[in-house]
Trainee: 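Okay, here's the structure, questions in a sec.
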Amino acid sequence: MSNTLYTASAPGKIILMGEHAVVYGRPAMAAPVHQVQATATLRVEDGAGDLWIDAADVNQRFALSAAPTADPLAQAVHLALALLQRSAPGGELRVRSTIPLAGGMGSGAAVSTAIVRAVAAWAGRTLPPATLSSLVYEV
């Protein structure tokens, strides 16, 4: 049985000005914070049945096929697979982050970005920034 790894990451962010303005569709000035990041590692296993999502930072481990509809980790995977017109591989998607949760540093967006990038890498694709942003925004 062969294992193949696809890893992607995304940094945290800070909004320097205009943080509340974005709620009203106005521009803001943001900057990446590379000292903290989210990482998604997709390990594809030949012959594995389901894709397991392991997010130890938030105490979650579940099979994609059994994930609640509203689960954001599963949503990121499902949206990426739909865009790429692929079925989920068998194996494990391991999600880790050093970005503080609920700290205003974009942990949710970074996790979603890392997941979508890892799934796209598995499919042999690099998504354009606008497409990636649209998927992450939907999550």
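Residue indices begin at 1 and follow the sequence shown. From a predicted model like this one, the values you see are computed outputs, not experimental measurements.
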Trainee: How far apart are the closest heavy atoms of P100 and M105, and which atoms are they?
Mentor: CD-SD, 3.9 Å

Trainee: Keeping the roles fixed (side chain from S134, backbone from A130), state whether a donor-acceptor pair exists under 3.5 Å.
Mentor: no

Trainee: Within the structure provided, determine whether L83 and T131 are in side-chain contact (heavy-atom separation under 4.5 Å).
Mentor: yes

Trainee: If you measure only the distance, is there a donor-acceptor pair under 3.5 Å linking the side chains of D50 and S65?
Mentor: yes

Trainee: For E92, is there an ion pair with R61 - N to carboxylate O distance below 4.0 angstrom?
Mentor: yes

Trainee: Going through the distances and angles, do D46 and N3 end up as a side-chain contact (heavy atoms from CB on, under 4.5 Å)?
Mentor: CA-CA 7 Å; D46 293 339; N3 291 330; over 6 Å; no

Trainee: Do I14 and M17 land in one hydrophobic cluster if side-chain heavy atoms of ILVMFWY residues count as linked below 4.5 Å?
Mentor: yes

Trainee: Could you pull out the closest heavy-atom pair between I99 and A38, with the gap in Å?
Mentor: CD1-N, 3.8 Å

Trainee: Got a donor-acceptor contact below 3.5 angstrom from the D71 side chain to the L73 backbone?
Mentor: yes

Trainee: State plainly whether one hydrophobic cluster holds both V119 and L79, where clusters connect Ile, Leu, Val, Met, Phe, Trp and Tyr through side-chain heavy atoms under 4.5 angstrom apart.
Mentor: yes

Trainee: Which atom pair, heavy atoms only, marks the closest approach of D57 to S97?
Mentor: OD2-N, 2.6 Å

Trainee: Quick one: pull up CZ in R125 and CZ in R86 and give me the separation to the nearest 0.5 Å.
Mentor: 10.0 Å

Trainee: V44 and V77: same hydrophobic cluster, using ILVMFWY side-chain contacts below 4.5 Å?
Mentor: yes

Trainee: Look only at the side chain of T39 and the backbone of S9, and say whether a donor-acceptor pair between them is shorter than 3.5 Å.
Mentor: no

Trainee: If hydrophobic clusters are built by linking Ile, Leu, Val, Met, Phe, Trp and Tyr wherever their side-chain heavy atoms come under 4.5 Å apart, do L16 and V33 end up in the same one?
Mentor: yes

Trainee: Where do L84 and A123 come nearest, in terms of heavy atoms and distance?
Mentor: CD1-CB, 3.9 Å

Trainee: Quick check: closest heavy atoms across A110 and P11, and the distance to 0.1 Å?
Mentor: CB-O, 3.6 Å

Trainee: Can you find a pair of side-chain heavy atoms, one from T41 and one from L93, that are under 4.5 Å apart?
Mentor: no

Trainee: If we ignore hydrogens and angles and just use 3.5 Å, is the side chain of K13 paired with the main-chain N or O of S107 as donor and acceptor?
Mentor: no

Trainee: Would L5 and V95 show up in the same hydrophobic cluster when neighbours are defined by side-chain heavy atoms closer than 4.5 Å?
Mentor: no

Trainee: Let me see the working for R96 and D54 under side-chain contact (heavy atoms from CB on, under 4.5 Å), right down to the final yes or no.
Mentor: CA-CA 9 Å; R96 298 293 183 267; D54 178 11; 3.3 Å; yes

Trainee: So how far is it from H20 NE2 to R26 CZ, rounded to the nearest 0.5 Å?
Mentor: 12.5 Å

Trainee: Could you report the tightest heavy-atom contact between A76 and I115, atom names first, then the distance?
Mentor: CB-CG2, 3.8 Å

Trainee: Is it possible for you to check whether R117 lies under 6.0 Å from the centre of the six-membered ring of W122, through NZ or CZ, and within 45° of that ring's axis?
Mentor: no

Trainee: Can you confirm whether T4 sits close enough to Y6 that some side-chain heavy atom of one is under 4.5 Å from a side-chain heavy atom of the other?
Mentor: yes

Trainee: Check whether S112 reaches the backbone of G108 with its side chain - one donor and one acceptor, N or O, closer than 3.5 Å.
Mentor: yes

Trainee: To the nearest 0.5 Å, how far apart are CG in L132 and OH in Y137?
Mentor: 15.0 Å

Trainee: Find out whether H78 and L64 are in side-chain contact, i.e. whether some heavy atom of one side chain is under 4.5 Å from a heavy atom of the other.
Mentor: yes

